[in-house]
Amino acid sequence: MLQNDFINMLVESVGEQRAERIVAALDTEPEVSVRVNPFKLAVGDLREHFGELAGDPVPWAEDEAFYLKNRASFTLDPLFHAGGYYVQEAGSMYVGKLVRDIFRLSGRNSGLNVLDLCAAPGGKTTQLLSCLMDAPGTPSRGNRLTANEVVPSRVAALSENVAKWGCSGVTVTNNDPSHFAGMSYDIIVVDAPCSGEGMFRKDIKAQENWSVNNVQLCAARQRRILSDIWPSLLDGGYMIYSTCTFNRIEDEQMVEWICSCLGGESLEMRHFYPGENRGEGFFAALIHKSSETGVGDKPSTAKPGRSLRVFNSLFPMADEALSVNLPPDRYPKVELSREDALKFLSKDSLSFPDMPLGYILLTYKGLGLGFVKNLGKRANNLHPMPRRIRQSISK
Ligand code: SAM
């Protein structure tokens, strides 16, 4: 049940008619959309994979994403575990469009040092990687990405999703925004912790936890995060500020505050509302940090985050299996059926009596999934215990 205070604030923020449309949409089923990993698959391959379920392209990300007609079981899809795609709320994919806008506005798409400040679980991070990194065998543009998450318990999921995307040139860190003092970046993405009105359709608890007071607390935290990180944006650099909430306090008013108090220039603000756009709700703004010599005019003076707390994956070998840079002949390979891939992902035992002893790379639809160590009669399943599928795989 939506709270009256929420509805009042919604009407204040978006007007009566739009508020009515949003409230009506919150009573309907959430949309599901998937975004391809361009380093591993073509979007057509992913459509083929989903068959009948594949629906309309996401209009603002049509080269990489589409809606599903019904929710699929992603946990029971080995292609999901191999990093073939990411399941992401459609509005959030507008970040990719904004990054391409930055390339165009700055006249530059190489040598960029980019920070994704509030990164877990990694939806925006994986899309940033798609925009910034280069396919194996193509010349490197030398872009670098730092994917940061302050909450320690959320960093492992971020690291796993980064590993699934399979790219190099990305560092996962676990720092408070204030730790970035003295660093400098060409692009900073602040996908801020917010009051989460865009979660209302998926998560009834988010409706219960909403309060006017919490909106104010979120706004105060957003101002703190933004003031901490703004000095690390190079003159001429670009910030993408986003939330998954509808109210003006955390959205338009926050952008106005960035402009009036920090000295940004707002280039674009875009809302995605349920009932108007197919998705759960998202807000994104593109902000420029003005300078006489823009990001396109001089080489980046960006410094890598030397003093940051870098999160080193606990499972480097499992991550190597997911890397798109793994030389094709480094390990003997076995292509698995869906059934065997699910057994592997559940940490069941598999055997490969006809294969050489030692490490074997297991693949699914040609993508690296993980390793076993072949001992002859049996093979040790090296899939990391915390990443195993816990759901019954009998379906
Ligand atoms: N960008 C992510 C994605 O696309 O998957 C979602 C990020 S979520 C909207 C906001 C993130 O900010 C959460 O992971 C949360 O842990 C983190 N966060 C919470 N408090 C924070 C703070 N004070 N400073 C920076 N990040 C914070």
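Note that ligands are numbered from 1 as they come in the structure, with each ligand's atoms numbered from 1 the same way. Heavy atoms only: backbone and side chains are in, while hydrogens, waters and symmetry mates are out.
Not a single heavy atom of Gly196 sits under 4.0 Å from any atom of ligand 1.
Considering backbone and side-chain atoms together, Asp191 places an N or O closer than 3.5 Å to an N or O of ligand 1. In terms of polar-atom proximity, defined here as any N/O pair under 3.5 Å, Asp116 makes no such contact with ligand 1. In terms of polar-atom proximity, defined here as any N/O pair under 3.5 Å, Gly123 does make such a contact with ligand 1. An N or O contact shorter than 3.5 Å links Glu149 to ligand 1 by distance. The shortest N or O to N or O distance between Arg154 and ligand 1 is under 3.5 Å. Between Leu117 and ligand 1, not a single N/O pair is under 3.5 Å apart.
For ligand 1, the atoms closer than 4.0 angstrom to any heavy atom of Val151 are 16 (O). Numbered from 1 in the order shown, with element, the atoms of ligand 1 that lie under 4.0 Å from a heavy atom of Ala192 read 9 (C). Near Pro177, with a cut-off below 4.0 Å to any heavy atom, the atoms of ligand 1 are 24 (N), 25 (C). Counting the atoms of ligand 1 from 1 in the order shown, those under 4.0 Å from a heavy atom of Gly122 are 3 (C), 5 (O).
Given atom 26 (N) of ligand 1, the protein heavy atom at minimum distance is Val150 CG1, 3.5 Å. Among all protein heavy atoms, the one lying closest to atom 22 (C) of ligand 1 is Ile225 CD1, 3.5 Å. Here the protein heavy atom with the shortest distance to atom 20 (N) of ligand 1 is Pro193 CG, 3.7 Å.
Taking the charged nitrogens against the carboxylate oxygens, Lys365 and Glu48 have no contact shorter than 4.0 Å, which rules out a salt bridge. A salt bridge is defined here as a Lys NZ or Arg NE, NH1 or NH2 lying under 4.0 Å from an Asp or Glu carboxylate O, and Asp116 with Lys124 fails to meet this definition. Under a 4.0 Å N-O distance rule, the pair Asp56/Arg278 qualifies as a salt bridge. Taking 4.0 Å as the cut-off between side-chain N and carboxylate O, Arg388 and Asp348 do not count as a salt-bridged pair. We find that Glu276 and Arg18 are joined by a salt bridge, their nearest charged nitrogen and carboxylate oxygen being less than 4.0 Å apart. Ion pairing of Lys289 with Glu265 is absent here, as no side-chain N (NZ or NE/NH1/NH2) approaches a carboxylate O to less than 4.0 Å. A salt bridge between Asp228 and Arg224 is absent, with no side-chain N of the basic residue lying under 4.0 Å from a carboxylate O of the acidic one.
Applying the ring pair (Phe, Tyr, Trp, His ring centres under 6.0 Å) test between Phe371 and each of Tyr331, Phe352, Phe315 identifies Tyr331 as the sole match.
The nearest non-hydrogen atom to atom 7 (C) of ligand 1, considering only Ala119, Ala120, Pro152, Ser153, comes from Ala120. Counting only non-hydrogen atoms, the option in Ser92, Cys118, Pro121 that gets closest to atom 11 (C) of ligand 1 is Cys118.
Both the sub-6.0 Å distance and the 45° axial angle are not jointly satisfied by Arg270 relative to the ring of Phe283. A cation-pi contact, defined as under 6.0 Å to the ring centre and within 45° of the axis, is absent between Lys205 and Phe200.
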